[in-house]
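None of the values given here were measured: they were computed from a predicted structure. Chain letters run A, B, ... following the sequence lines, proteins first, then strands; residues in each count from 1.
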Number of protein chains: 2
Amino acid sequence: MSRWEPNARGRLEQAALDLYQERGFEQTTVAEIAERAGLTERTFFRYFADKREVLFWGQGRLHEIVVNAVASQPVTASPFNIVVAALEAMAAAVPDRPEFLQQRQAVIAQNPELQERELLKMASLIGVITEALQQRGIPGPTVRLLVETGIAVYRVAFTRWVDEKEKGPRTLPQLLREALDELKAVLAF
Amino acid sequence: MSRWEPNARGRLEQAALDLYQERGFEQTTVAEIAERAGLTERTFFRYFADKREVLFWGQGRLHEIVVNAVASQPVTASPFNIVVAALEAMAAAVPDRPEFLQQRQAVIAQNPELQERELLKMASLIGVITEALQQRGIPGPTVRLLVETGIAVYRVAFTRWVDEKEKGPRTLPQLLREALDELKAVLAF
DNA sequence: ACAGTGATGTCAGTTACTGACATAGAAAGT
DNA sequence: ACTTTCTATGTCAGTAACTGACATCACTGT
């Protein structure tokens, strides 16, 4: 028998998500989260940098995944295809827990501060992918544009995927492809 | 002679921008900003919702501009061209004060919290444009994708414009066009 | 048995932000 | 001219996010 209940971080995450949903993000105090998890406020801040980060921890993993995806592309691949590969790797890394993701996205959708954090995480991914492409020697100024657009496509596909869970059987990689094709079509005008 | 020095909001903006640059955003307290502006902390929060917003006030104006730009497009215009018109209207509304914009962007570039806010403002613009397009009866699911991509293009063009000030003579609308063409080219692969 | 380690608790402090009320000129009404 | 009302600001007290310093105590290895 260990001194403390296991998985403190997980308990804090779950307590936070539930409370944010029940009362809203602003109406929830960190002290309440900690109490529900059987811990103290101070311990919360040892695991998470701030009150928002509790919903976004895990995203750090995405950085490596994306970097690896870029690195493992053949040298002959076009910048466009490399970006697509990165997006597909991200899509594949999304945990397949629809209830959890839906709850999380619903909470985020209701609070601008959480949206800010989500947008920052995406921007951070843009930076990582851009850097990875440049280190591959891909010539400069278009890269950022391409990556920025790629993430926009990913965001749209991800939103659709979460929104249509239960009903539609389309997978996230499928939706990604569809969104890319849509974009090409609509840019033709 | 009036009771108070005029332009309290402007003084607060200037004091904040200067202090953020001198000491960094986190190292600056609102009390310090207010003191430099000859006011009190409480008054700061009457003008700005929070410590970050002082750098982003003004953006509210952009919403109307963009909505008007969309509304004034001919009914025959394609969704793509409407979005381009909205982006060009945004570009035209940027105040032509390079020193100010550079200082502001430099401050934002150094602080994640400020980046979050900037990203949220952009997301808000995406929402406004998307809504304006949908109210024009433009069919649904592709719109968000188109607008999201459009803003990504705008961001890249704007960054380039700020970065190349002094040296290059390219205007923001020009850079916008160039970025759009680049995107079309690179998506062809 | 005992010293060290690591996850947690306790506590005090700073600062962002808010609500309630006070004040003093300026403007407006009579 | 006198009074009332309006408005931008100040004062003050309070909440809650976040941080640093130090304490605790079961477990671990020697």
Side-chain angles (χ1 to χ4, degrees), chain A residues 1-57 107-108 110-118 120-121, chain B residues 1-57 107-108 110-118 120-121:
Chain A
M1 187 118 88
S2 61
R3 184 173 176 193
W4 299 286
E5 295 301 309
N7 194 22
R9 164 169 266 134
R11 272 150 50 214
L12 287 167
E13 278 178 347
Q14 191 62 53
L17 182 57
D18 290 343
L19 281 168
Y20 292 169
Q21 188 180 44
E22 290 168 20
R23 321 188 180 168
F25 174 78
E26 297 206 351
Q27 282 63 51
T28 304
T29 73
V30 174
E32 289 168 341
I33 298 169
E35 189 189 7
R36 182 171 293 199
L39 295 164
T40 64
E41 196 181 355
R42 192 64 184 87
T43 298
F44 178 96
F45 286 110
R46 287 207 178 90
Y47 282 102
F48 306 103
D50 59 49
K51 195 183 164 190
R52 299 173 235 172
E53 197 65 16
V54 64
L55 292 187
F56 298 95
W57 192 84
V107 167
I108 293 172
Q110 292 225 306
N111 187 276
E113 293 184 55
L114 293 172
Q115 291 160 36
E116 284 185 333
R117 182 57 50 85
E118 183 169 51
L120 187 67
K121 296 289 179 183
Chain B
M1 184 107 101
S2 62
R3 185 176 176 191
W4 299 285
E5 295 300 310
N7 196 23
R9 163 168 267 133
R11 272 150 51 214
L12 287 167
E13 278 178 346
Q14 191 63 52
L17 182 56
D18 290 343
L19 281 168
Y20 291 169
Q21 188 178 46
E22 290 168 21
R23 319 188 181 168
F25 174 79
E26 297 207 349
Q27 283 62 49
T28 304
T29 72
V30 174
E32 289 168 341
I33 298 169
E35 189 188 8
R36 181 172 292 199
L39 295 164
T40 64
E41 198 181 354
R42 191 64 183 86
T43 299
F44 178 95
F45 286 111
R46 288 206 178 90
Y47 282 102
F48 305 104
D50 59 51
K51 196 183 161 189
R52 299 173 234 171
E53 196 64 17
V54 64
L55 292 187
F56 298 95
W57 192 84
V107 167
I108 293 172
Q110 292 224 310
N111 187 276
E113 294 184 53
L114 294 172
Q115 291 161 35
E116 284 185 333
R117 182 55 50 85
E118 183 170 49
L120 188 67
K121 296 289 179 183

If the condition is side-chain hydrogen bond (donor to acceptor under 3.5 Å, both in side chains), which residues does Arg9(B) pass it with, not counting sequence neighbours? none
Under the side-chain hydrogen bond (donor to acceptor under 3.5 Å, both in side chains) rule, collect the residues that match up with Gln110(B), sequence neighbours excluded. none
Please determine, for the side chain of Ala8(B), which listed nucleotide (dG9(C), dA16(C), dT9(D)) has the closest atom? dT9(D)
For residues Val107(B) and Leu17(B), report the shortest heavy-atom separation together with the two atoms involved. CG2-CD1, 4.1 Å
Positions of residues 41-48 of chain B (non-hydrogen atom under 4.0 Å from DNA chain C), listed by number: Glu41(B), Arg42(B), Phe45(B), Arg46(B)
Please work out which residues in residues 21-35 of chain A have a non-hydrogen atom less than 4.0 Å from an atom of DNA chain C and list them by number. none
Distance-only, no hydrogens or angles: does the Gln21(B) side chain make a donor-acceptor pair with backbone N or O of Asp18(B) under 3.5 Å? no
Which ones in residues 11-19 of chain B lie close to DNA chain D, meaning a heavy atom under 4.0 Å from one of its atoms? none
Residue pair Ala34(A) / Leu12(A): nearest heavy atoms and the distance that separates them: CA-CD2, 4.1 Å
Give the nucleotide from the list dT11(D), dA26(D), dC17(C) with an atom nearest to the side chain of Asp50(B). dC17(C)
For atom CD of Glu5(A) and atom P of dG9(C), their distance in whole Å: 12 Å
Rounded to whole Å, CH2 of Trp4(A) lies from P of dG6(C) at a distance of 11 Å
Checking the side chain of Glu113(B) only, and the main-chain atoms of Arg52(B) only, is there a donor and an acceptor separated by less than 3.5 Å? no
Write down the protein N/O and nucleotide N/O pairs, taken from nucleotides 28-30 of chain D, whose separation is under 3.5 Å; answer none if there are no such pairs.
none

Can you give me the closest heavy-atom contact between Thr28(A) and Leu19(A), atom names plus distance? OG1-O, 3.4 Å
Indicate the atoms forming the closest heavy-atom contact of Asp50(A) with Phe45(A), along with that distance. CA-CE2, 4.1 Å
Taking Pro6(A)'s backbone N and O only, do any of them form a donor-acceptor pair with Arg11(A)'s side chain (distance below 3.5 Å, no angle check)? yes
Any donor-acceptor pair under 3.5 Å between the side chain of Arg3(B) and the base of dA24(C)? yes
Can you tell me if the side-chain N/O atoms of Thr40(B) get under 4.0 Å from OP1 or OP2 in dG10(D)? yes
Without decimals, in angstroms, what is the distance between Leu39(B) CG and dT11(D) P? 11 Å
What distance do Gln27(A) atom CD and Phe25(A) atom CZ have between them, rounded to the nearest 0.5 Å? 10.0 Å
Might you point out which heavy atoms bring Glu26(B) and Lys51(B) nearest each other, and give the distance in Å? O-NZ, 3.9 Å
In sequence, state the C-alpha distance, the side-chain angles, and the governing distance for Glu53(B) and Lys121(B), and then conclude on side-chain contact (heavy atoms from CB on, under 4.5 Å). CA-CA 10 Å; Glu53(B) 196 64 17; Lys121(B) 296 289 179 183; 2.6 Å; yes
Calculate the interatomic distance between Lys51(A) atom NZ and dT19(D) atom P; express it in whole Å. 15 Å
For the residue pair Phe44(B) and Val54(B), what are the closest heavy atoms and their distance? CZ-CB, 4.0 Å
